[in-house]
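In what follows, a single structure is set out as structure tokens and then discussed.
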Amino acid sequence: MKRTLDNETMAKRVAQEFEDGMVVNLGFGMPILAANFVPEGKRIFFHAENGILGYGSIIQEGQDIDPDLINPGGLYVRPLPGMSVFNHEEAFDMIRGGHVDLVVLGALQVSKNGDLANWFNPAKGIGNIGGAMDLAVGAKKVIVVMEHTTKDGKSKILNECTFPLTARECVDMIISDIATIELTPGGMILKEVAPGWSSEEVQSLTEPHLIVADDLKEMDLRV
Amino acid sequence: MKRTLDNETMAKRVAQEFEDGMVVNLGFGMPILAANFVPEGKRIFFHAENGILGYGSIIQEGQDIDPDLINPGGLYVRPLPGMSVFNHEEAFDMIRGGHVDLVVLGALQVSKNGDLANWFNPAKGIGNIGGAMDLAVGAKKVIVVMEHTTKDGKSKILNECTFPLTARECVDMIISDIATIELTPGGMILKEVAPGWSSEEVQSLTEPHLIVADDLKEMDLRV
Amino acid sequence: MTSKVFSSFAEAIYDIGDGATIAIGGFGGSVGMAQNLILALRDKGSKDLTLISNTGGLCELSLGGFIAGTYVDHAILFQNKQVKKMIGSYLGSPSPTTLSSLEKQWQAGEVEVETLPQGTLSARMLAGGAGYGGIYIPTGVGTIVEKGKEKRIIHGKEYILEFPLKPEFAFVRAYKADTTGNLIYRLAARNMNPIAAKAASVTIVEVDEIVDPGGLDPDIIVTPGIYVHRMVKIPKGGKK
Amino acid sequence: MTSKVFSSFAEAIYDIGDGATIAIGGFGGSVGMAQNLILALRDKGSKDLTLISNTGGLCELSLGGFIAGTYVDHAILFQNKQVKKMIGSYLGSPSPTTLSSLEKQWQAGEVEVETLPQGTLSARMLAGGAGYGGIYIPTGVGTIVEKGKEKRIIHGKEYILEFPLKPEFAFVRAYKADTTGNLIYRLAARNMNPIAAKAASVTIVEVDEIVDPGGLDPDIIVTPGIYVHRMVKIPKGGKK
């Protein structure tokens with residue numbers, strides 16, 4: 001099987017979307033890794049649902065940990081100068097009110113019109129909505145970062161989602177382990193392929209039709 | 001003409017309603033005077049619409065004034081230990097949400113079922129709603145303090161208000177310059193008369209029928 | 001003035017009887033979680049509780065920097081079969097393989113569950129505390145969240161009508177208080193505590209330190225004392 | 001990062017054109033009033049403005065401790081005939097005998113007015129800032145406030161449906177800022193400033209002091225920088 005990008009490399013590709021001064025919320029799991037790849041010279045204000053704006057990178061065990069400074073995933077983070085703290089209601093007013101520039105979420109499924117399913121696999125317990133629905137509805141821009149296919153090789157990009165939705169028509173861009181895809185009113189545009197992949201190979205693993213960009217590029221994976 | 005209570009004496013009567021630890025909002029004008037008559041040994045938390053809880057007495061000119069510490073009427077007030085500051089939205093969440101124990105308001109008219117008209121005399125300009133409607137609707141208890149009659153001797157307590165309303169069925173008690181009246185589902189109960197006044201004399205200046213309390217008292221005007 | 005300071009957690013929750021509704025601050029893990037009040041409620045044993053909190057209790061499972069068994073949260077009230085209904089947002093186990101006590105009781109039909117978007121949970125507590133009758137919220141449109149709820153298009157966008165949550169009690173974890181009930185929190189331990197305090201009729205606080213009035217700068221107070229009814233200082237040996 | 005700090009009030013309001021909607025913080029009097037930004041807007045002369053503020057401008061008249069002529073507020077924008085519509089709460093003159101510029105222009109049919117209960121004014125700005133489609137509010141039921149508005153009974157109580165206010169700009173007066181836009185206020189000068197900042201698309205701040213990031217304790221910040229877009233330090237000789 002062809003080589004796909006690992007999680008860290010996808011996180012690096014996500015970090016290329018960061019612009020100086022942006023407010024960015026990184027979802028649970030893979031997205032949160034991007035906090036550690038902020039391009040040098042840029043200040044990103046990471047927003048956390050539990051009520052923090054402007055925290056820094058994740059702290060590994062054994063280092064200086066402040067027991068009261070965690071991100072929504074329960075991981076300890078570094079304080080950065082300019083950080084602010086507020087309550088949970090304010091954190092979601094920021095999200096719902098459209099003040100967050102960019103949200104990066106994981107996904108179970110994305111449909112061609114940008115529907116997102118990421119909170120509930122019906123095969124599994126009660127389901128955790130958490131902040132996902134607010135983030136998907138409220139952000140100025142939503143990027144999904146995920147593996148392109150399920151473990152048994154089925155496309156996670158579908159004509160219609162089959163899992164319970166997080167929000168309708170909310171996804172602007174998908175960064176997967178084999179491609180970068182932009183969602184537009186005119187359809188899904190394949191903008192980049194991972195090194196060694198052709199547009200035909202990506203299409204073969206994608207249920208909806210992909211429009212290949214005139215300027216199709218290989219993903220630039222330097223940081 | 002018989003002697004009526006002056007503003008300061010009415011404010012003292014209002015202050016008798018203060019219970020230790022109460023949160024009290026005093027409206028513009030006459031009510032605000034009561035801040036200076038808190039019974040000794042009691043702590044009242046005065047709430048201000050501009051975002052203060054627990055301020056102290058009004059400061060006259062020439063004394064130590066903090067230029068940033070004013071009440072809603074634009075008067076400088078003393079800070080007290082335990083005071084807190086918050087924004088305007090929070091101030092009204094407290095009011096509307098029923099967290100304020102007692103509100104004391106001035107009035108143009110009060111009806112027998114407790115309707116209040118206090119924000120707008122149609123003869124005069126554009127009218128100032130301010131915080132009056134929120135206070136009348138939200139407080140656990142509303143006391144109106146006012147002169148019993150207009151300057152030309154007409155009852156301000158009416159069967160129906162004729163001025164634009166502040167809120168319906170909100171007034172619990174009236175402290176006027178000649179009487180104390182409780183509003184109950186069964187009607188208006190005359191509880192106290194000012195020194196030298198009889199219940200018949202008060203009734204003659206009051207449009208709705210007053211039920212004279214079995215234990216009718218003379219107003220106690222010591223502080 | 002009647003003191004808001006109680007000498008024990010048990011006394012501070014004396015009137016939480018069977019069937020009570022309690023909002024529990026915190027977010028997930030021990031940070032900002034009123035662990036001592038939860039322990040006292042477990043010991044008191046009140047049944048048929050309705051709980052309002054972000055999670056359904058996570059202390060049985062490890063998550064991020066939090067290790068199972070090193071702290072408590074309302075999972076222990078499920079273990080003790082005290083809960084009838086859970087209103088929250090992140091109600092499942094974070095583990096792909098292990099179920100929480102709540103999930104097991106839910107699957108057995110022993111517990112009723114209402115799952116909300118996290119922002120809607122806070123907004124509904126805001127509505128409860130601020131006297132709003134309802135709020136139109138865009139979150140959840142086109143998802144299972146809208147099921148059974150009224151929708152409305154306002155200026156071309158769809159919203160769900162959500163109603164207030166007004167718990168009888170709130171459990172709040174604060175960093176410092178003054179004796180009049182003013183509270184401050186520390187960093188991410190603030191989270192849902194201020195909104196739970198605002199929504200509840202009786203707010204009960206556990207706090208590291210209680211100072212005299214005047215000991216907190218009026219400008220830095222986060223929860224004004226108007227929202228606080230009872231406080232207990234966490235003693236040496238208490239859960240932190 | 002692009003600096004949020006502007007070197008003059010005129011530059012900070014460069015794009016406020018004719019027909020703009022501006023929320024002005026403050027409450028009444030000079031406390032927490034962005035006097036320098038208002039002066040700059042008077043000098044710029046933009047017309048047909050819609051203003052959102054508690055009062056309709058009071059600086060022409062004395063009120064409490066405030067003496068006419070010792071400070072400015074948006075009354076000067078009425079004097080200069082720049083305003084088309086005023087949305088606020090305490091819109092008349094506090095004097096029983098003297099009318100304000102707003103009242104005179106309103107009587108002459110030159111200005112449109114929308115008077116709201118004070119709490120509803122903030123609630124509508126909250127809705128604008130927080131992405132709510134509308135809020136059911138009990139204040140004003142049975143009064144002229146309900147005129148032309150939808151009502152609804154919820155759990156036996158009547159409410160009015162109020163819609164969001166989303167001004168393009170806000171004028172905010174703060175005490176200290178850091179360069180990333182985090183703000184704190186001092187005592188009663190906080191008032192409507194944080195909610196105006198939250199509601200507006202472009203929030204412009206005048207402030208006594210601007211410090212480097214890290215110069216403000218994260219726990220005491222009142223308005224997080226996400227709500228702040230431009231700041232000007234009030235120079236020596238500026239209005240305070």
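Lettering follows sequence order; numbering is per chain, from 1.
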>> Can you tell me which portion of B/Pro79 sits under 4.5 Å from chain D's heavy atoms? Options are side chain, backbone, both or neither.
In response: neither

> Distance from D/Leu126 atom CG to B/His88 atom NE2, nearest 0.5 Å?
Replying inline: 12.5 Å

>> Under a 4.5 Å cutoff for heavy-atom pairs, which residue among B/Glu169, B/Glu89, B/Met83 has the most contacts with chain D?
In response: B/Glu89

>> Would you say that more than 12 heavy atoms from the other residues, nucleotides or ligands in this model lie under 6.0 Å from the NZ of D/Lys149, or not?
In response: yes

> Within a radius of less than 6.0 Å around CD of D/Glu110, do more than 12 heavy atoms belonging to other residues, nucleotides or ligands occur?
Replying inline: yes

> Can you tell me how far CD1 of D/Ile144 sits from CZ of B/Phe120, rounded to the nearest 0.5 angstrom?
Replying inline: 6.5 Å

> What part of D/Leu91 lies closer than 4.5 angstrom to a heavy atom of chain B: side chain, backbone, both or neither?
Replying inline: both

> Does NZ belonging to B/Lys112 count more than 12 external heavy atoms closer than 6.0 Å?
Replying inline: no

> With a 4.5 angstrom heavy-atom cut-off, which part of B/Asp93 approaches chain D: side chain, backbone, both or neither?
Replying inline: neither

> Side chain, backbone, both or neither: which part of B/Glu49 has a heavy atom under 4.5 Å from chain D?
Replying inline: both

>> Only pairs of heavy atoms separated by less than 4.5 Å count here; which of B/Ile59, B/Val77, B/Val85 has the most with chain D?
In response: B/Val85

> Nearest 0.5 Å, what's the CG-CG distance between D/Asn191 and B/Asn87?
Replying inline: 9.0 Å

> Just wondering, are more than 12 heavy atoms of other shown residues or ligands nearer than 6.0 Å to CD in D/Gln107?
Replying inline: yes

>> Under 4.5 Å from any heavy atom of chain D, what part of B/Thr166 do you find: side chain, backbone, both or neither?
In response: backbone

>> For the OG atom of D/Ser89 and the CH2 atom of B/Trp119, what is their distance to the nearest 0.5 Å?
In response: 9.5 Å

> Where on D/Pro194 is there a heavy atom nearer than 4.5 Å to chain B: the side chain, the backbone, both, or neither?
Replying inline: side chain

>> Using 0.5 Å steps for rounding, measure from the CD atom of D/Gln118 to the CG atom of B/Asp134.
In response: 7.5 Å

> Would you say the ring centroid of D/Tyr90 lies under 6.0 angstrom from that of B/Phe28?
Replying inline: yes

> Hey, are the side chains of B/Met133 and D/Thr143 touching, using non-hydrogen atoms and a 4.5 Å cut-off?
Replying inline: yes

> Side chains of B/Arg168 and D/Val141: closer than 4.5 Å at any heavy-atom pair?
Replying inline: no

> Hey, what do you get for CD1 (B/Ile126) to NZ (D/Lys104), rounding to the nearest 0.5 Å?
Replying inline: 13.0 Å

> More than 12 non-hydrogen atoms from neighbouring residues, nucleotides or ligands closer than 6.0 Å to CG on B/Asp64, yes or no?
Replying inline: no

> Could you walk me through whether D/Leu116 and B/Ile129 pass the side-chain contact (heavy atoms from CB on, under 4.5 Å) check?
Replying inline: CA-CA 7 Å; D/Leu116 298 168; B/Ile129 296 180; 5.9 Å; no

> So do D/Arg186 and B/Leu69 actually touch side chain to side chain, heavy atoms under 4.5 Å?
Replying inline: no

> Is the number of heavy atoms from other residues, nucleotides or ligands within 6.0 Å of NZ (B/Lys140) greater than 12?
Replying inline: yes

>> Quick check on the interface: out of B/Leu75, B/Val137, B/Ile70, who has the most heavy-atom pairs with chain D under 4.5 Å?
In response: B/Ile70

>> Tell me if a side-chain donor or acceptor on B/Arg96 pairs with a main-chain N or O of D/Ile137 at a distance below 3.5 Å.
In response: no

> So which of B/Tyr76, B/Phe86, B/Tyr55 has the largest heavy-atom pair count under 4.5 angstrom toward chain D?
Replying inline: B/Phe86

>> Please classify the contact of D/Ser30 with chain B as side chain, backbone, both or neither, using a heavy-atom distance under 4.5 Å.
In response: neither

